[in-house]
There are 2 protein chains.
Amino acid sequence: MCQGCFNAPVQNSDAMALTAALLAAAGGLTQRIHEGVVARGFEGVRPAHGFAFARLAPDGATVTDLAVHLGVTKQAASQLVDELVGKGYVERRPHPADARARLVVLTEAGRACTQAAEEAAAEAVGSWADVLGEDGVRVLADGLLRVAPGGPIRPAW
Amino acid sequence: MCQGCFNAPVQNSDAMALTAALLAAAGGLTQRIHEGVVARGFEGVRPAHGFAFARLAPDGATVTDLAVHLGVTKQAASQLVDELVGKGYVERRPHPADARARLVVLTEAGRACTQAAEEAAAEAVGSWADVLGEDGVRVLADGLLRVAPGGPIRPAW
DNA sequence: GACTTATGGTCAAGTAGCTTGACTACCTCT
DNA sequence: AGAGGTAGTCAAGCTACTTGACCATAAGTC
């Protein structure tokens, strides 16, 4: 097992370089998506909002669901929802099955913003395909999904 | 419902999935490295410090260099250096060629911590090799370096 | 050499996004 | 019914960052 955890590890400096490259790629992509969203006319949104949208997209979610998805406390998630309500991107509805809970759903503006984010993401990733080729991007994405299946979305430092 | 009826935003959701996977991988790796560093007995350090160490490692650097490298203001970088000085990991020396500047260099403890971080990083990446194989990791790293050559290290949201 | 502008660094104050703690309303299990 | 767990919010506090002001030195111009 563990073919080379200790005996033939990847060079240390390689490991650090990989980490830096991962952060750079993730950060750069996030930034470009954000810029694309802003360029499409949605202001006052942060990248974190986009990841919230992704969780809310299909059928809405509760504040607690959001908190788990984003890796923050439910208080923080609730504040984020407050902010999005204020900007008109989401609204709180009574939960159909639990009177304690409230279902947070996207408004029409929220759906539009979500679509803008998806377009911007596709555009940014598309520019990667110019460098790596379609297959290269697929290999990259596949590898990442295998090493970080359900990892924390939120940057941890 | 006909799940093929959407007008082909499949590419879009792929792009979002890739972004999420990148963030998850970067965040997870960073977190594991940090845990490894703490496990080796270095407390009171944050992941950001590790990236500062990486910049300081060869011959030291100025506060402004650090700020650029980390993607923060020089005030923030200066505060980070204050913190590291307080913990004994770095020290400020007069700059040999510029009386305005000060050269921030690693202390012995700082070098030990840097090495611990490299070990932890190699260990974390090694566990990826168990999943992807050594070649898989190499392909991943290579691809990332090509799409994000000098991207921002700091998570931008 | 004197003058002007740019650069390295710090001090001080303010801020955004998060945390912990305390609380209410409601659900669930026995 | 009662006990304990869960969803959500309010309030206060913290931390890592920011902007703005400032000084000392360097570099360019005359």
Side-chain angles (χ1 to χ4, degrees), chain A residues 23 27 30-31 34 43-53 55-56 59-87 89-105 152-157, chain B residues 23 27 30-31 34 43-53 55-56 59-87 89-105 152-157:
Chain A
L23 283 167
T30 303
Q31 188 176 340
H34 181 245
E43 302 211 352
V45 283
R46 290 180 289 124
H49 298 154
F51 294 105
F53 289 166
R55 181 66 184 82
L56 298 176
D59 303 299
T62 66
V63 164
T64 300
D65 289 337
L66 259 186
V68 171
H69 182 246
L70 296 176
V72 296
T73 61
K74 54 186 183 173
Q75 291 91 326
S78 186
Q79 287 171 8
L80 191 143
V81 169
D82 284 342
E83 205 180 333
L84 291 177
V85 168
K87 295 180 194 302
Y89 291 122
V90 306
E91 60 186 20
R92 291 187 223 250
R93 299 197 168 177
H95 195 287
D98 189 337
R100 296 169 303 179
R102 309 173 76 178
L103 200 58
V104 181
V105 296
I153 285 187
R154 173 180 170 230
W157 57 302
Chain B
L23 284 167
T30 303
Q31 187 176 341
H34 180 246
E43 302 210 354
V45 283
R46 290 180 288 124
H49 298 153
F51 295 106
F53 289 165
R55 181 68 184 81
L56 299 175
D59 303 299
T62 66
V63 164
T64 299
D65 289 337
L66 259 186
V68 171
H69 181 246
L70 296 177
V72 297
T73 60
K74 53 186 182 174
Q75 291 91 326
S78 186
Q79 287 172 8
L80 190 142
V81 169
D82 283 342
E83 204 180 334
L84 290 177
V85 168
K87 296 181 194 301
Y89 291 122
V90 307
E91 59 186 22
R92 290 185 224 252
R93 300 196 166 178
H95 194 286
D98 188 337
R100 296 169 302 177
R102 310 171 76 178
L103 199 58
V104 181
V105 297
I153 283 186
R154 173 179 171 234
W157 56 302

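Each chain gets a letter, A, B and so on, in the order the sequences are listed, and its residues count up from 1.
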Just to confirm, is there a sub-4.0 Å distance from OP1 or OP2 of D:dG8 to any side-chain nitrogen or oxygen of A:Ser78? no
Rounded to whole Å, please give me the gap between CG in B:Leu84 and C1' in D:dA16. 13 Å
Among C:dC18, D:dG8, D:dT18, which nucleotide sits nearest the side chain of A:Gln79? C:dC18
Output the distance between atom CG (B:Leu56) and atom CG (B:Leu84), rounded to the nearest 0.5 Å. 8.0 Å
Separation of B:Leu66 atom CG from C:dG8 atom P, in whole Å? 13 Å
Starting from P on C:dA16, measure out to NZ on A:Lys87 and report it in whole angstrom. 11 Å
Distance in angstrom units between B:Leu80 CG and C:dG9 P, rounded: 14 Å
Got a list of protein N/O to nucleotides 23-25 of chain C N/O distances below 3.5 Å?
none

Hey, is the side chain of A:Gln75 pairing donor to acceptor with the base of C:dG21 inside 3.5 Å? yes
Rounded to the nearest 0.5 Å, how far does CZ of A:Phe53 lie from CG of A:Leu66? 10.5 Å
Write down the atom of B:Pro96, the atom of B:Leu103, and the distance for their closest heavy-atom approach. CD-CD2, 4.3 Å
Round to a whole Å and report the spacing from CD of B:Glu83 to C1' of C:dT10. 17 Å
Value in whole Å for how far the C1' atom of D:dA26 lies from CZ of B:Arg102: 17 Å
N/O (side chain, A:Thr64) to phosphate O (OP1/OP2, D:dG8) under 4.0 Å: yes
If I take atom NE2 in residue B:His69 and atom P in nucleotide C:dG8, what distance separates them, rounded to the nearest angstrom? 17 Å
Along DNA chain D (nearest heavy atom to each residue), the more 5'-positioned of A:Ala61 and B:Asp98: A:Ala61
Using side-chain heavy atoms (C-beta onward) and a distance below 4.5 Å, is A:Arg92 in contact with A:Ser78? yes
Would you say a side-chain N or O of B:Arg46 is under 4.0 Å from OP1 or OP2 of D:dA16? yes
May I ask you to test the B:His49-B:Leu80 pair for a side-chain heavy-atom distance under 4.5 Å? yes
Of the listed nucleotides D:dC17, C:dG8, D:dT9, the one nearest the side chain of A:Lys74: D:dT9
Let's see if you can work this out: which of D:dA26, D:dG8, D:dC10 has an atom nearest to the side-chain heavy atoms of A:Ala101? D:dG8
Which whole-number value in Å describes the distance from A:Asp65 CG to D:dA7 P? 8 Å
So, does A:Thr73 get its side chain near the phosphate of C:dT20, meaning an N or O under 4.0 Å from OP1 or OP2? no
Closest heavy-atom contact between B:Glu91 and B:Val85? CA-CG2, 4.3 Å
Nearest non-hydrogen partners of A:Lys74 and A:Ala67, listed with the distance: CA-CB, 3.6 Å
D:dT18, D:dG8, C:dT10: which one has an atom nearest the side-chain heavy atoms of B:Val72? D:dT18
Are the side chain of B:His34 and the backbone of B:Val45 linked by a donor-acceptor contact shorter than 3.5 Å? yes
Side chain of A:Arg92 - closest among D:dG8, C:dT10, C:dG8: D:dG8
Tell me which nucleotide among D:dC17, C:dC27, C:dG21 gets nearest to the side chain of B:Ala76. D:dC17
